[in-house]
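Encoded as C-alpha cells, the structure appears first; notes follow it.
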2 protein chains.
Amino acid sequence: MALEHAILVSLLEQPGSGYELARRFERSIGYFWTATHQQIYRVLKRMEGDGWIDAREVAQQTRPDKKEYSVTAQGRSVLAEWLHEPIAPESVRHELAVKIRGAAFDDPVALIREVERHREAHADRLARYLAGELRDFTGPEAPSAPDAGQELQHVVLRGGIAYERMTLAWLDDVIATLHRLGPPA
Amino acid sequence: MALEHAILVSLLEQPGSGYELARRFERSIGYFWTATHQQIYRVLKRMEGDGWIDAREVAQQTRPDKKEYSVTAQGRSVLAEWLHEPIAPESVRHELAVKIRGAAFDDPVALIREVERHREAHADRLARYLAGELRDFTGPEAPSAPDAGQELQHVVLRGGIAYERMTLAWLDDVIATLHRLGPPA
DNA sequence: AAGGCCATGTAACCAGTTACATGATTCA
DNA sequence: TGAATCATGTAACTGGTTACATGGCCTT
C-alpha cells in the first residue's frame, strides 16, 4: 500500500488534478507505480477527507473546471513518517515466468511469439526512458546543476533503464532457450 | 491473476498438499510468484470444485494426514488455454522508488540505512539463487542432459539471478547518490 | 458527424493480506 | 517444557480491477 504516498510525492513535485495525476501515472510516476483514474479519484477523496491534501477549484474557459490538489502540512508529515518506516521486501509477481515454466507441459515453441511481444514492449519502454533521460537529465536542455529532487528522479530513472536492459537480455536468453527446445530434431 | 496457473504448473511439476505448495511458494515458485497458505487453501478448494485438480487423501503415521492434489485433464487444458492467451505487460509496484523520490521532501541521508537493508536482502537472495543453480543445474550433481522442464526452470532462475545482480548495482548507485546529496557541505 | 481529449465520478467484483484458530509430533 | 514443523482452515478487511456513466470542447 503506497498509492497515497505516491500521490503525495507527485503532488509535492507539482500540484495537480485527479486527471493530471492519472496522466502522470501513465508516465513518470507510472514507471514504478501504476494506478487507474478510478482508483486515484477514490483515494484523493479519502486523502482530502483525512486532511492530507486540499483542493482548490480552478475554473477554465475552454476546458471543464478542475480541482487542483496540494499537499497540506499534515500530508507532508504523514509522508515523512512513512519514509522513516522500514518496508518489507517486495513480493514478486512475474506472470511471464509462470508461463515459461508452464511451457514444459505444452508447446515451448508456441510461447516464442508471446515472449517476442514482451521483448518489443520492453524495448519501447527502454527507448522512452532513454529519451526522457536525454531530455531531462543528460541532454543540452538539462539543468547543469540539478537539485536534490532532480538527482533523485534521475537515479530512479536509471533504475528503470537498468531494469529494461536486463529484461531485454533475459528475454533474448528465454527466446534462445525456447528455440533450442523446439523442433531442430 | 495467475495464482491458479502457478499452482497448476507447480502441481504438474510435482503433485502435493496445500502445505507443500505453501512451502514451494517460499522457495522455487516463490521466486516469481508469492502466495500465503491461507490464499493457497482457498484457491485449491475452488480449483477442486471446478474440476481442475483432484485430491487424494494420504494417511501418514507420524504426521497429520494430508490431501495430495494432482492436476486433472481439465486442469491441463485450462493451463494450455491460458498459455496461449497473450498477457498484458505487467504493472510495476516499486515502493522503494516512491520513497527515493519522496526523500527529496525529507532527509535523503535518512534513507541510506533503509536502502542498505534492501541491498542486504537482495544480496542474500542472489546467494540463494546461485546456490540453487549450482545444486540443480551447473554443479556436479546436476543432470548432464536436462529435460525441457529443467531447461525452462533454469532459464527462469537465470532471470532471477540477472534481476538480483542488476538490483544490487542499482542500489549501490542509489546509496552513492544519497550520500552525494548529504552533508559533505 | 464522429472520434478524441479533458474532467469526474459510481458500483460491483475479485485478489491478496492480516488476524485468529486448532492440534499432533518431534527435537533441543 | 517450549519451540519448530506438519497440516488445515475461517473471517474480516483492504487494495485494485472492470464495467458503466456523463458531458462539453476541439479537430478532422
Side-chain angles (χ1 to χ4, degrees), chain A residues 1-8 15-27 29-30 32-50 53 55-69 82 85 87-95 98, chain B residues 1-8 15-27 29-30 32-50 53 55-69 82 85 87-95 98:
Chain A
M1 203 285 303
L3 176 57
E4 280 92 334
H5 304 108
I7 287 177
L8 287 174
S17 67
Y19 187 83
E20 279 159 359
L21 280 169
R23 308 222 57 210
R24 288 183 213 169
F25 276 90
E26 286 163 11
R27 309 181 75 271
I29 290 277
F32 51 90
W33 204 270
T34 49
T36 59
H37 79 270
Q38 291 93 331
Q39 208 189 336
I40 289 166
Y41 283 117
R42 184 159 17 110
V43 170
L44 280 173
K45 221 160 234 189
R46 184 172 68 229
M47 289 170 77
E48 197 187 359
D50 291 345
I53 56 176
R56 194 172 63 91
E57 282 283 339
V58 177
Q60 303 182 113
Q61 309 91 315
T62 89
R63 292 183 277 176
D65 296 357
K66 64 175 181 180
K67 280 180 241 170
E68 189 177 83
Y69 291 99
W82 176 72
E85 274 169 25
I87 49 178
E90 314 134 56
S91 54
V92 198
R93 294 272 147 85
H94 202 326
E95 215 168 341
V98 179
Chain B
M1 205 286 300
L3 176 56
E4 281 92 334
H5 303 108
I7 288 176
L8 287 174
S17 68
Y19 187 84
E20 279 158 0
L21 281 169
R23 307 223 58 212
R24 289 183 212 169
F25 276 90
E26 286 165 9
R27 309 181 75 270
I29 290 277
F32 52 90
W33 204 271
T34 48
T36 57
H37 79 271
Q38 291 92 331
Q39 209 189 336
I40 290 167
Y41 283 118
R42 183 157 20 105
V43 170
L44 280 174
K45 221 160 235 189
R46 185 172 68 229
M47 291 170 77
E48 197 186 359
D50 291 345
I53 54 176
R56 194 171 62 90
E57 283 282 339
V58 177
Q60 304 182 113
Q61 309 92 312
T62 89
R63 292 184 278 177
D65 296 357
K66 64 176 181 180
K67 280 180 242 170
E68 190 176 84
Y69 292 98
W82 177 72
E85 274 168 24
I87 49 178
E90 316 134 53
S91 54
V92 197
R93 292 274 148 86
H94 201 325
E95 214 168 342
V98 179

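Chain A is the first sequence line, chain B the second, and so forth, proteins listed ahead of strands; every chain is numbered from 1.
- Taking only side-chain atoms of A:Tyr41, from C-beta outward, the nucleotide of C:dG9, C:dC6, D:dT8 with the closest atom is C:dG9.
- Using a 4.0 Å heavy-atom cutoff across all strands shown, B:Ser17 reaches sugar-phosphate atoms only and no base atom.
- Rounding to whole angstrom units, NE2 of residue A:His37 and P of D:dT17 are separated by 13 Å.
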side-chain contact (heavy atoms from CB on, under 4.5 Å) between A:Ile7 and A:Phe25, worked out: CA-CA 9 Å; A:Ile7 287 177; A:Phe25 276 90; 4.1 Å; yes
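- Two residues, A:Thr34 and B:Tyr69, neighbour DNA chain D, and the one matched to the more 5' nucleotide by heavy-atom proximity is B:Tyr69.
- Contact annotation: the side chain of A:Arg56 never approaches that of A:Lys67 to less than 4.5 Å [non-hydrogen atoms, C-beta and beyond].
- Remark: B:Tyr69 OH to B:Leu8 CG distance equals 13.0 Å, nearest 0.5 Å.
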Evaluation steps, side-chain contact (heavy atoms from CB on, under 4.5 Å), between B:Glu4 and B:Arg46: CA-CA 9 Å; B:Glu4 281 92 334; B:Arg46 185 172 68 229; 2.5 Å; yes
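- In this structure, A:Arg42 does not reach the C:dA11 phosphate: none of its side-chain N or O atoms is under 4.0 Å from OP1 or OP2.
- Atom CD1 of B:Ile40 and atom C1' of C:dA15 are 14 Å apart (whole Å).
- Side-chain atoms of A:His94 and B:Trp33, non-hydrogen and from C-beta on, never get closer than 4.5 Å to each other.
- Phosphate proximity of C:dT18 to B:Gln38: absent, as no side-chain N or O sits under 4.0 Å from OP1 or OP2.
- Here A:Arg93 reaches the OP1 or OP2 of C:dG16: one of its side-chain N or O atoms lies under 4.0 Å away.
- Note: CD (A:Glu4) to C1' (D:dT14) measures 10 Å, nearest angstrom.
- A pairwise comparison of heavy atoms in A:Glu68 and A:Val58 identifies CB-CG2, 3.9 Å as the closest pair.
- Checking the phosphate oxygens (OP1, OP2) of D:dT8, no side-chain nitrogen or oxygen of B:Tyr19 falls inside 4.0 Å.
- Remark: P of C:dC14 and NE2 of B:His5 are 15 Å apart, rounded to the nearest angstrom.
- The listed nucleotides are D:dT8, D:dG16, C:dT17; the one nearest the side chain of A:Trp33 is D:dG16.
- Within residues 56-67 of chain B, the residues having any heavy atom under 4.0 Å from DNA chain C are, by residue number, B:Thr62, B:Pro64.
- Both B:Ser91 and B:Lys45 sit near DNA chain D, but only B:Lys45 has its closest nucleotide nearer the 5' end.
- Atom CZ in B:Arg24 sits roughly 15 Å away from atom C1' in D:dC6 (whole-Å rounding).
- Checked against side-chain hydrogen bond (donor to acceptor under 3.5 Å, both in side chains), B:Glu90 has no partners two or more places apart in sequence or in another chain.
- In this structure, CD of B:Gln39 is placed 18 Å from C1' of D:dA7, rounded to the nearest angstrom.
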